[in-house]
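The structure appears right after this line, and notes come after that.
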Amino acid sequence: MNKPSTLKTAALCDPVSLEIIRGAIAAAQSEMEALIERTAISAFIREKKDFYTALFDGNGTMAVGSMVPIFGDMTRPVLEKFPIETMQDGDVYWYNDCYGSYGAISHSNDQVLLAPVFREGRVCAFVMSWAHFADIGGLRPGSISPDATDIFQEGVMIPVTKMVEAGRVNQAVLDIFHRNSRYPEQSEGDMRALMASVELGVRRVGEILDRFGPDVTEDALAQLLERTRNLVRDKMAETFDYGTYSFTDAIDTDGHGNGPFHMRFSLTRAKGADGADHFTFDARDSDDQAPGPINYLMNNGVPGMALGLFYLGGDPSQVCNAGGPNALDEVLFRKGSFLQPEYPAPLGLRGLTAMRMISAMCGLLNAGGGEAPAANSAYVVNIMRGKYRTKDGTLEPYLLADGIGVGYGARSTADGIDAVYFVAQENYPVEFLEAGYPVTMRSYGIVTDSGGAGRYRGGCGIVREYEILAEETMVAIRIDSVQNPPWGIHGGKSGRHGIAIVNPGTPQEVRLDPLSDGNMLKRGDILRIETGGGGGYGHPYDRPAETVLQDVLSGFVTVDAARSEYGVVVASDTLDVQATQTLRANRPETRRFYRQEYVDALV
């Protein structure tokens, strides 16, 4: 489980072997993920890369994880039900139970497989594969709907189960699971991909154990955990002076007329009784749980994982592991809040809240004096389900879940990233959509002016325009940050929010509620979705005029916005230097911190 590992007084693993083992386990993780990508059936896994793998030491502590800061202690649910001493070589454990896993899995579509790795008659490591399954039953096809009011409407729940015992598969429990899917062939194929990935991981980690021995490998993993923990704690001490720092952010609604929902985070640095630093993360003042499915059962490991990933900063010499969560001495939540909802509150759209959580963590870091990015938009989800007519005239059901990229917040040294989908930074290609689904893509590109203006511009969102070719289609939309746009920092402007419109520019134009389901479309209708952008960083007038001109020529900023937001006059495809100097000489007053409403809401 995620707990500090104790190093032996004399290290068994030398520095050179440590780096070899670090590279080997990272390579094993990458190979496991490549196998899932190449063998899974459903588009959300194969094309969206909505999966990840991890490796754990013999105690169940994450040794190598994913660069996705929304997961926590994955092994605890298994070890509580199946103690290590009862495990056998060839066992594989399975669950998707959100509440039973304390939020290690935070919505039911996500399936986890975990397997022990044996050497010398004992468990020396664990490997895990995880993926989002397209449909597991529930209220609507896709198992995720803004209409859900309890978790039972979000599909079948699997408590921790021994799927494979000593190499023998429990086919009956798999049959029950696949029977609950509207698309069992996809479910079966995806599960085979996960099982193959775990089997490969067991083999690869076993090879590492054979080469270096269980004791040396155990010591290497402990060293890596301690290295990450110390790095994160040292960086937190550099960011946060002694005292308490707070930040509040909010999501708009739960889709049932309620909201906004505020997440209130605090981080306190104090001296412990032993004289050492004591770091406490506190989210107890966050709002009560929602009737709708935006609740996020936030595992205790999530805040430290988010801080760890920020401080690791993509350093290839470091490892994403439980060292981040272990860097925090105390994590506090309140039962009944929308970050710690009580069973059976719905959780299906928790990704919306998790994305705002990442922005709130950036705000908390900035409140302490760090240089975290401005806020990002939450990626947009568009789920289409309906029936299309095949060439022989029969009606067939289809399910298209399209997660669409957004703009990310600007940084202290660079613009925000454009058109990013959270999990693997990828969007469905047009060719893939048109070949596999009854839609035609009429447009796909950057949403001009969606990124917040600043010395560094916020990332821009995406426009997609679908022509419906199916006979009937029900659409679910998930868009946030309409009432509370992604904030800018140090004078940077907020990013623009997203919209969803049916038949734009016609007498039949309808603007959809940003978080809604049951929107009915027919053949020939046009659905236009524009996603939001990230906040800007620094005063827009500090952005070089030549860079603004390039933004205009590249389609990221309009001529009007160049003048009104950046004080830059663009004449055709050239810069009017004199007019720009005149505008910038009368620089407007601008706050140098967050948007006022967020400052006022700090706790």
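The residues of the chain are indexed from 1 along the displayed sequence.
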For [X] and [Y], take the angle between the two ring planes, folded into 0 to 90°, and tell me which bin it lands in: parallel under 30, tilted 30 to 60, perpendicular over 60.
X	Y	value
Phe261	Phe338	tilted
Tyr428	Phe44	perpendicular
Tyr52	Trp130	tilted

I'd like to know if the side chain of [X] and the backbone of [Y] have a donor-acceptor N/O pair within less than 3.5 Å.
X	Y	answer
Asp249	Met263	no
Asp135	Gly142	yes
Thr253	Asn258	yes
Asn170	Glu165	no
Gln111	Ser108	yes
Arg264	Asp285	yes
Asp190	Phe133	no
Asp418	Gly407	no
Thr394	Thr390	no
Lys48	Glu426	yes

Between atom [atom1] of [X] and atom [atom2] of [Y], what is the distance when rounded to the nearest 0.5 Å?
X	Y	atom1	atom2	answer
Ile462	Ser377	CD1	OG	11.0 Å
Arg350	His107	CZ	NE2	4.0 Å
Asp402	Tyr421	CG	OH	9.0 Å
Arg76	Asn299	CZ	CG	8.0 Å
Ser42	Glu47	OG	CD	10.0 Å
Met441	Arg464	CE	CZ	4.5 Å

Contacts of type side-chain hydrogen bond (donor to acceptor under 3.5 Å, both in side chains), residue [X], not counting sequence neighbours:
X	answer
Arg523	none
Arg385	Asp517
Asp150	none
Arg334	Asp288

Sequence neighbours excluded, which residues qualify as side chain to side chain contact (heavy atoms under 4.5 Å, CB included) partners of [X]?
X	result
Leu521	Ile468, Thr473, Val475, Val502, Asp525, Leu527
Arg478	Leu349, Leu352, Ala378, Tyr379, Val381, Leu515
Glu37	Lys49, Phe51

Taking C-beta and beyond as the side chain, do [X] and [Y] meet within less than 4.5 Å on heavy atoms?
X	Y	value
Val198	Thr53	no
Asn96	Asp110	no
Tyr296	Val302	yes
Ile41	Glu185	no
Ile529	Tyr466	yes
Ile358	Phe422	yes
Tyr444	Leu433	no
Pro141	Tyr398	no

Residue pairs involving residues 171-180 (criterion side-chain hydrogen bond (donor to acceptor under 3.5 Å, both in side chains); sequence neighbours excluded): Gln171-Asp175, His178-Ser187
Any pair counted as side-chain hydrogen bond (donor to acceptor under 3.5 Å, both in side chains), so long as it reaches residues 194-203, sequence neighbours left out: Ser129-Ser197
For the student: nearest non-hydrogen atoms of Asp252 and Val482, plus distance: OD2-N, 2.5 Å
Heavy-atom pair with the smallest gap, counting every atom of Phe265 and Ala360: CE1-CB, 3.6 Å
Within 6.0 Å of CZ in Arg389, more than 12 heavy atoms from elsewhere: yes
CA sep, side-chain torsions, deciding dist, call: Ser143, Arg182, side chain to side chain donor-acceptor pair (under 3.5 Å): CA-CA 10 Å; Ser143 309; Arg182 297 173 177 88; 4.7 Å; no
Listed once per pair and sorted, the salt bridge (Lys or Arg N to Asp or Glu O under 4.0 Å) pairs that draw on residues 292-310, sequence neighbours left out: none
Would you mind writing out the side-chain donor-acceptor pairs for residues 153-164 within the sub-3.5 Å range, not counting sequence neighbours?
| unit_1 | atom_1 | unit_2 | atom_2 | d |
| --- | --- | --- | --- | --- |
| Gln153 | OE1 | Thr149 | N | 2.6 |
| Gln153 | OE1 | Thr149 | OG1 | 3.3 |
| Glu154 | OE1 | Leu347 | N | 3.0 |
| Glu154 | OE1 | Gly348 | N | 3.1 |
| Glu154 | OE2 | Leu347 | N | 3.3 |
| Glu154 | OE2 | Gly348 | N | 2.8 |
| Thr161 | OG1 | Pro159 | O | 2.7 |

Partner of Asp254 under side chain to side chain contact (heavy atoms under 4.5 Å, CB included), chosen from Asn295, Ile294, Thr353: Ile294
Worked check of side-chain contact (heavy atoms from CB on, under 4.5 Å) between Tyr437 and Met384: CA-CA 10 Å; Tyr437 300 95; Met384 298 183 186; over 6 Å; no
Verdict with supporting geometry, Leu113 and Met195, side-chain contact (heavy atoms from CB on, under 4.5 Å): CA-CA 7 Å; Leu113 301 189; Met195 294 171 71; 3.7 Å; yes
Flag for Ser481-Arg356: side-chain donor and acceptor within less than 3.5 Å: yes
Stepwise side-chain contact (heavy atoms from CB on, under 4.5 Å) check, Met355 with Asp480: CA-CA 10 Å; Met355 292 299 293; Asp480 188 46; over 6 Å; no
Salt bridge flag under 4.0 Å for residues Arg528 and Glu530: yes
Summary of ring-ring contact (aromatic ring centres under 6.0 Å, His included) pairs that have at least one residue in residues 140-169, sequence neighbours excluded: Phe152-Tyr343
